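Bear in mind the structure is a predicted one, so any value in this text is a computation, not a measurement.
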Number of protein chains: 2
Amino acid sequence: MPRRSAAEAEKTRESIVARAVDVASLEGLEGLTIGRLAGELDMSKAGVIGHFGSKEALQVAALEQAADVFRREVWDRAAAQKPGLPRLRAIAGAWVSYLERDVFPGGCFLTAASCEWDGRSGPVRERVAGTMDLWLGVLAREAREAGMDDPEQVAFELNAIAMGLNQRLQLHGDREAPGRARTAMARVLR
Amino acid sequence: MPRRSAAEAEKTRESIVARAVDVASLEGLEGLTIGRLAGELDMSKAGVIGHFGSKEALQVAALEQAADVFRREVWDRAAAQKPGLPRLRAIAGAWVSYLERDVFPGGCFLTAASCEWDGRSGPVRERVAGTMDLWLGVLAREAREAGMDDPEQVAFELNAIAMGLNQRLQLHGDREAPGRARTAMARVLR
DNA sequence: CCTACCGATCGGTAGG
DNA sequence: CCTACCGATCGGTAGG
């Protein structure tokens, strides 16, 4: 088989990561297997793992890609709003919408990853924790900008509501849940 | 090796389930392996799986045991209170305490299981969903008894807050989170 | 409840 | 990026 150009290799790598994100959102980052990925992409296992070096590095790449998607779907849609309450309200709306639209086939990747990795150790767990910390920090910063009493409390509650919504959607297909989440978030931001 | 009495066999079965619950709370029900369990219990794999017939049946047994623990730690501690708001407030307190005390080594078993199985199908998933539905139904019933406007909204929000607390405890060891959860639950129950 | 074993699959590597 | 292969482990079974 001919070696591919750097550009072609990059495209292949991206397609591997994209598939890894979808599989992992349904079955977890640990449930991801190189052999299955290879089968679905019509590649050899060596061809898949060669782009990353180890399963752990592939897991990290999938996590980074998922965080990029979250940022694009939630933060980017709200970033044009004025800092503080207007932006927080836009974030809340985009967040619920992101969950409602099933951007990942298995629901929120970050929530799933945090549940899967909160009892383990190593680079994947650290990256999950860091990503969540970063996001809660963003929320708290906006709440502070809005002059709210307890910005960390606001960040805590918004995040909790999003997790609750994700569970109701994924586990029960509860179509009333997005409305409940909007109501709860609006009360927190009142 | 001599066959054991029925009572001894039952004790062995219980010790297997207890260990399975601990392992699964840290690494998930799918991460559970018969070989590892056998090694930790100084048994053969056949001896372990013989009590259940399949890994799936072992997963279901672990889930049932975990639900029993949750009921004992949260519901039973509040059941003596008057139905309605007093009981809901007792449930909220016991729930936060249950998470704070790390009753399972890896945090709330039910939350972990719901994240792990919400993208899969089969008996384990159905049982996780049923258990969650049952619990949210209990919460809604108490909120209705308390005469609250929207009992399902109360159930949704309490559950969300518990999930958010579990994440902060497990992923970040955040010692302020229990207080935040109490504050948020109190506001929902105001 | 054990030993001994089954086929399948795991992550990963050598060499091209 | 492939073929061919490594040792380890997977869930599970036969037979006692």
Without decimals, in angstroms, what is the distance between [X] [atom1] and [N] [atom2]?
X	N	atom1	atom2	result
Lys11(B)	dC1(C)	NZ	C1'	16 Å
Leu32(A)	dC10(C)	CG	C1'	13 Å
Asp42(B)	dC1(C)	CG	P	13 Å
Glu8(B)	dC1(C)	CD	P	8 Å
Glu10(A)	dC1(D)	CD	P	11 Å
Leu37(B)	dC10(D)	CG	P	11 Å
Glu30(A)	dC10(C)	CD	C1'	11 Å
Glu14(A)	dC1(D)	CD	P	12 Å

Can you tabulate the close N/O pairs, meaning under 3.5 Å, that link protein atoms to atoms of nucleotides 12-14 of chain C?
from    : atom 1 : to       : atom 2 : distance (Å)
dG12(C) : OP2    : Lys55(A) : N      : 2.5
dG12(C) : O6     : Lys45(A) : NZ     : 3.4

Quick check: do [X] and [Y] have side-chain heavy atoms less than 4.5 Å from each other?
X	Y	value
Glu116(A)	Cys115(B)	no
Leu139(A)	Trp95(A)	yes
Asp174(A)	Gln167(A)	no

Taking atom types as modelled, find out whether Arg101(B) and Ser97(B) have a side-chain donor-acceptor pair closer than 3.5 angstrom.
yes
Taking atom CD of Glu40(A) as the centre, report whether more than 12 heavy atoms of other residues, nucleotides or ligands fall under 6.0 Å from it.
yes
Shortest non-hydrogen pair, Ala184(A) vs Glu157(B), comes out as CB-OE2, 3.4 Å
Base partner of dG7(C), which must satisfy Watson-Crick or wobble distances under 3.5 Å:
dC10(D)
Identity of whatever pairs with dG16(C) - Watson-Crick or G-U, under 3.5 angstrom:
dC1(D)
Are Arg120(B) and Trp117(B) in a cation-pi setup, meaning NZ or CZ lies under 6.0 angstrom from the ring centre and within 45 degrees of the ring axis?
yes
When we call it a touch if two heavy atoms are under 4.0 Å apart, what does Leu41(B) touch: a base, just sugar-phosphate, or nothing?
nothing
Classify the nucleic acid contact of Ile16(A) as base, sugar-phosphate or nothing, counting any heavy atom under 4.0 Å across all strands shown.
nothing
Given dC10(C), is OP1 or OP2 found less than 4.0 Å from the side-chain N or O atoms of Thr33(A)?
yes
